[in-house]
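Only one structure is covered here, and it is reproduced in the block below.
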Amino acid sequence: MSRLRNLSLFLVLAAAWGSAFVAINAGLAYFPPVLFAAFRFDVAGVVMLAYAAYAVDDPVPRGRDQWLEVVSGAVFIIAAYHAFLFVGESDPAVTSAVAAVIVSLSPVLTTVFARALLPAERLTAVGALGLGIGLAGAVVLANPDPANLTGGGTVAKLLVLLAATSFALGSVLSRASEADIAIETMEAWSMLLGAGLTHLLALALGESVADATWTTESLLALGYLSVVASGIGFLIYFDLLDRLGPIEINLVSYVAPVFAAAVGWLVLDEGITPTTVAGFLTVCVGFALVKRDAIREELRAVGVAG
């Protein structure tokens, strides 16, 4: 029953995070991109803070180290990641499936940053090959036109790649931190601070609340991203992280694009091209090479448990 529960929650999480790319594309018809990201975490931050107040003894960060970890998450995981992602997805060439596949590079990039910034980590020759293959998958998805490198969505896809890079770097900086802070507290305050930073960026870019169009569709997209993808999604993620460990839960990044492609096709009539499939498979090969030892250990553990 426990395995069935874990599998069910895993699929729910993949569906919530995969379909989030569709909600982003849908909402971008009504909101300026960076301001849309800020609105998302205004709501999600309040939801997570309410949960942190319920779940942990002290929902407020204490001391310099805890606040540094909060700031790191706010800058890289919330503000930079979502600003790059939302602006990238505002280009019609970046479908929900394409964005999800590019973001699925995050586990590979996380491993690379960890091995570069954490003294105990080391990138082997095979791991470096895996990184190269994973990045090649991103190039396949970008499908640049040498005669017009700024056209065809190339720049937008590179912005989504920067989003994945920012998320990976933020994850490693958080992992390297020695602060003893509950993950619910860290996420809640990172979301709130990240929302504030994203509002400042939107203001700097000239985006205004007056440019937002408030309709039933726009409110549904915003509500879905804030409550389902961010609030409920992170709660499921934290639960599975404790039960499955970081290796297995990282695999959600490779299931989410399937849901993104399916929901994007059903809801927004987005096509699934051979290039998208080829890029996804290439990224998976790169991930398997970079994470080969950890995957082997997980398979052995499953075999012993079975």
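Along the sequence shown, residues carry numbers from 1. Given the structure is predicted, the values throughout are model-derived calculations rather than measurements.
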Identify the two heavy atoms, one from [X] and one from [Y], that lie closest to each other, and give their separation to 0.1 Å.
X      : Y      : result
Ala44  : Ser226 : CB-O, 3.7 Å
Phe76  : Ala80  : O-CB, 3.9 Å
Ala16  : Val228 : CB-CG1, 4.2 Å
Arg40  : Ile24  : NH1-CD1, 4.2 Å
Leu13  : Gly233 : CD1-O, 3.3 Å
Ser190 : Val70  : OG-O, 3.0 Å

Does one hydrophobic cluster hold both [X] and [Y], with members joined at side-chain heavy-atom distances below 4.5 Å?
X      : Y      : value
Val46  : Met191 : yes
Leu192 : Trp67  : yes
Phe41  : Leu200 : no
Leu158 : Phe167 : yes
Leu203 : Phe39  : no

State, with a plain yes or no, whether a side-chain heavy atom of [X] is found less than 4.5 Å away from one of [Y].
X      : Y      : answer
Val12  : Ile236 : yes
Val22  : Tyr224 : no
Val103 : Tyr81  : yes
His82  : Thr198 : no
Pro33  : Glu207 : yes
Leu220 : Thr216 : yes

* Asked: By the rule that ILVMFWY residues connect when side-chain heavy atoms come within less than 4.5 angstrom, directly or transitively, which residues belong alongside Leu205?
  ->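 Answer for Leu205: Val34, Phe84, Val87, Leu159, Leu162, Leu201.
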### Query
Judged by atom type as modelled, is there a donor-acceptor pair below 3.5 Å linking the side chain of Thr215 to the main-chain atoms of Ser218?
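Yes, because the side chain of Thr215 sits within donor-acceptor range (under 3.5 Å) of the backbone of Ser218.
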Just to verify, which of Thr95, Leu85, Val94 counts as forming a side-chain contact (heavy atoms from CB on, under 4.5 Å) with Phe21?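 The passing option is Leu85.
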Would you give me the side-chain donor-acceptor pairs under 3.5 Å for residues 182-189, sequence neighbours excluded?
| unit_1 | atom_1 | unit_2 | atom_2 | d |
| --- | --- | --- | --- | --- |
| Thr185 | OG1 | Asp58 | O | 3.4 |
| Trp189 | NE1 | Pro59 | O | 2.7 |

Exercise for the section: Look at the rings of Phe31 and Phe36 and say which category their plane angle falls in: under 30° parallel, 30 to 60° tilted, over 60° perpendicular. Expected result: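 Rings of Phe31 and Phe36: parallel, under 30°.
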